[in-house]
Amino acid sequence: MPDVKKSSVRVRFAPSPTGYLHIGNVRTALFNWLFARKSEADFILRIEDTDSLRSREDYVESIVEDLSRFGLDWDEGPDVGGSSGPYRQSQRIGLYAKHLEALLKKGSAYECFCLPEELDAMRKEQAEQGKTIRYSGKCLHLSDEEKRKLRSEGRQPSYRFRVENRQVVVRDLIRGDVTFDTSTIGDFIIMKSDGWPSFHFAVAVDDGEMKITHVIRGEDHLTNTPKHIMILESLGFDPPRYAHLPMIMGQDHQPLSKRHGHVSIRDYLDEGYLPEALMNYLALLGWSSGDNQEIFSSRELIKRFELASVNKSAAVFDNKKLDWISMQHMKEIPDVKLTQMVIPYLKAEEGLCSRKHINEEMFDYLKKMINVLRPYLSKLKDINEYADIFLCQQVRLSEEAGEILRTGNAKKISEIILENLGDQAFDEKEFHSILNKVKRETGLKGKDLFMPIRAVLTGRLSGPELVEVFPLLDKNVIRKRLESALKI
RNA sequence: GACCCCAUCGUCUAGGGGACUAGGACACAAGGUUUUCAUCCUUGCAACACGGGUUCGAAUCCCGUUGGGGUCGCCA
């Protein structure tokens, strides 16, 4: 049977496990995934753990976990295996050694005995003289005798790729052809003296060995690409097509960093941003549909996504727009499901819904609460901004609400409501009749009428409509809050 | 510094020579939801970085300037 697989297109996402997955990396993963799912290609997860000092196993786990929570899946990877594994570079050492041997034999690589300090000094000198900073080629012509001597001094060599003078053109699907003159690129290290391959070497070898056809990655790699192409070609591989994605910046137009607040996708997920919303927003950072649609399900994104319509210029990450998009997605979730999603957030918050088991009656109440609060949620955690109104005897009092409570109006209004409070459950009708009574007796209306009531009942000056809040509250709770307002 | 990429409202973007007195969205402002606020609706504010070309015609093509970003590591 011939392989019935529809295409041999293969893409990969290759993070290094030196920290939590960053927003920028996730966007790269997303675009790879969208492209793969759209073109029925293989999506491969490869772990680039050649930095023996900074790589950590628990970060590998967190990457797998975060990508999954975000909503991506992959066809080959360290956790699921595949035909071109292993998928951790640390387990592919033999492969790099083999290819290094081939390059050595061809004369495309050579040993370098320079010490880091010596290289630093060399670069510093070049900078001072205003010269282009690149490796001098000092070790290129070392004789066997000299090498032996250096070794006997205890020096472990690294290996450099010998860069020939030529033009390399990067065929970029987003930027078009980009031509580089390799004369500005110095011979670079492909194998470190500790025996680990350098990033450039590992990337080239793996992309070649894994038959990657499209490399979709951040623009920060664009000028590294000629190095990868040179290695790929001298190893006899056909270089893949490339697509360099624009960078994501913070509000200050500087590269995204901790200074900008949350940068790991985990933080957003933990706050209860919906994965689909996050995906939707991130897709819009660099890509647009061409018509004016902005809200997309992941299904629609796969259908509509095109590498060719990815933007070239860097984009600024805007939390406000994320919130808005997330709010739009929130509206689409059925209330039972949303209630289930929200419960863990209530439980995590001190004093809210601490009961272990939620019975049917309670669930039903929470569902009603969710429906009232839903228009104000952009992330699940936001539920805690208002949930105390419905779930606690006492409400948290905001400073502004406190000020309103101290006015005479608040007391007067509370008294009148208390006097007129019936015993049966609240409904919209009773709300309006009491409201009208207060209005008549005090002559207050509009803001002056509503704000004190809002402050007394909810402890803050904004939130869901009072007419929706009242019917959900227990009469005794309402009474208690009115009474305590009188004591302030 | 050298090399590379980029440049439309504050932000994300549409725009591929005439359809552009430049469209949408977020944000912001005003009004409305026959009584409240952060939802919702309506309206408004707001941009082609600059200078040269090419062309009958340029946001769109070319060159330069400026600005921003990236790379130049035994980090990835």
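Reminder, nothing fancy here: chain letters follow the sequence lines and each chain counts from 1.
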Notebook entry, point to check: What residue among A:Ile63, A:Thr28, A:Asp49 forms side-chain contact (heavy atoms from CB on, under 4.5 Å) with A:Pro15?
Noted result: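 Among A:Ile63, A:Thr28, A:Asp49, the one that satisfies the side-chain contact (heavy atoms from CB on, under 4.5 Å) with A:Pro15 is A:Ile63.
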Would [X] and [Y] pass as an ion pair if we require N to O under 4.0 Å?
{"X": "A:Lys147", "Y": "A:Glu153", "result": "no"}
{"X": "A:Glu233", "Y": "A:Arg166", "result": "yes"}
{"X": "A:Lys320", "Y": "A:Asp318", "result": "no"}

Of the listed nucleotides [options], the one nearest the side chain of [X]:
{"X": "A:Glu465", "options": "B:C37, B:A76, B:C6", "result": "B:C37"}
{"X": "A:Phe450", "options": "B:U35, B:A76, B:C4", "result": "B:U35"}
{"X": "A:His432", "options": "B:G69, B:C72, B:U35", "result": "B:U35"}
{"X": "A:Tyr376", "options": "B:A76, B:C37, B:C6", "result": "B:C37"}
{"X": "A:Pro116", "options": "B:C74, B:C40, B:A76", "result": "B:C74"}
{"X": "A:Phe199", "options": "B:A76, B:C4, B:U36", "result": "B:A76"}

Next item on the list: Answer yes or no: side-chain N or O of A:Ser193 and base N or O of B:C74 forming a donor-acceptor pair under 3.5 Å.
Entry: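 Such a pair exists between side chain and base.
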For a quick test of reading the model: is some side-chain N or O of [X] closer than 4.0 Å to OP1 or OP2 of [N]?
{"X": "A:Thr223", "N": "B:C5", "answer": "no"}
{"X": "A:Gln328", "N": "B:C40", "answer": "yes"}
{"X": "A:Arg123", "N": "B:G1", "answer": "no"}
{"X": "A:Lys192", "N": "B:A76", "answer": "yes"}

Interatomic distance at [atom1], [N] relative to [M], whole Å:
{"N": "B:A49", "M": "B:G44", "atom1": "C1'", "result": "26 Å"}
{"N": "B:A46", "M": "B:G51", "atom1": "C1'", "result": "25 Å"}
{"N": "B:G18", "M": "B:A29", "atom1": "C1'", "result": "36 Å"}
{"N": "B:U43", "M": "B:C50", "atom1": "P", "result": "30 Å"}
{"N": "B:C41", "M": "B:U34", "atom1": "P", "result": "16 Å"}
{"N": "B:A30", "M": "B:C37", "atom1": "P", "result": "12 Å"}
{"N": "B:U21", "M": "B:C72", "atom1": "C1'", "result": "48 Å"}
{"N": "B:G53", "M": "B:C20", "atom1": "P", "result": "28 Å"}

Euclidean distance, atom [atom1] of residue [X] to atom [atom2] of [N] [Å, nearest integer]:
{"X": "A:Asn25", "N": "B:A76", "atom1": "CG", "atom2": "P", "value": "15 Å"}
{"X": "A:Tyr135", "N": "B:C74", "atom1": "OH", "atom2": "C1'", "value": "12 Å"}
{"X": "A:Tyr242", "N": "B:G70", "atom1": "OH", "atom2": "P", "value": "22 Å"}
{"X": "A:Ile133", "N": "B:C4", "atom1": "CD1", "atom2": "P", "value": "16 Å"}
{"X": "A:Asn224", "N": "B:C5", "atom1": "CG", "atom2": "P", "value": "15 Å"}
{"X": "A:Phe180", "N": "B:A2", "atom1": "CZ", "atom2": "P", "value": "17 Å"}
{"X": "A:Arg160", "N": "B:C72", "atom1": "CZ", "atom2": "C1'", "value": "12 Å"}
{"X": "A:Leu435", "N": "B:U35", "atom1": "CG", "atom2": "C1'", "value": "7 Å"}

Checklist line | Lys/Arg cation over aromatic A:Phe31: A:Arg27, 6.0 Å, 45° cone | finding: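 Geometry flag: set, cation within 6.0 Å and 45°.
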Item checked: Ring-face cation contact, A:Phe113 with A:Arg151, 6.0 Å cut, 45° max -> no
Is there a Watson-Crick or G-U wobble partner for [N] with both distances under 3.5 Å, and if so, which one is it?
{"N": "B:C50", "result": "B:G64"}
{"N": "B:G18", "result": "B:C56"}
{"N": "B:U36", "result": "none"}
{"N": "B:C3", "result": "B:G70"}
{"N": "B:U11", "result": "B:A25"}

Give [X] one of three labels, base, sugar-phosphate or nothing, depending on what nucleic acid heavy atoms sit under 4.0 Å from its own.
{"X": "A:Cys112", "answer": "nothing"}
{"X": "A:Arg454", "answer": "base"}
{"X": "A:Ser289", "answer": "nothing"}
{"X": "A:Tyr386", "answer": "base"}
{"X": "A:Glu219", "answer": "base"}
{"X": "A:His244", "answer": "nothing"}
{"X": "A:Met249", "answer": "sugar-phosphate"}
{"X": "A:Leu449", "answer": "base"}

Item checked: Short side-chain to backbone donor-acceptor contact, A:Arg374 and A:Met330, under 3.5 Å -> yes
Margin query: Quick check: on RNA chain B, is the nucleotide nearest A:Lys320 upstream (toward 5') of the one nearest A:Arg134, or the reverse? Name the residue that is more 5'.
Written below: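 The residue whose closest nucleotide sits nearer the 5' end is A:Lys320.
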Margin query: Return a single string for nucleotides 9-16 of chain B, one symbol per nucleotide in 5' to 3' order, where B is base contact, S is sugar-phosphate-only contact and - is none, cutoff 4.0 angstrom on heavy atoms.
Written below: --SBSS--
[Y] and [X] aromatic ring geometry - parallel, tilted or perpendicular at 30°/60° bounds:
{"X": "A:Tyr268", "Y": "A:Tyr273", "answer": "tilted"}
{"X": "A:His228", "Y": "A:Phe199", "answer": "perpendicular"}
{"X": "A:Tyr59", "Y": "A:Tyr20", "answer": "perpendicular"}

Next item on the list: Kindly give the heavy-atom pair with the smallest separation between A:Gly250 and A:Val316, and that separation in Å.
Entry: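 Of all heavy-atom pairs spanning A:Gly250 and A:Val316, the closest is O-CG1, 3.4 Å.
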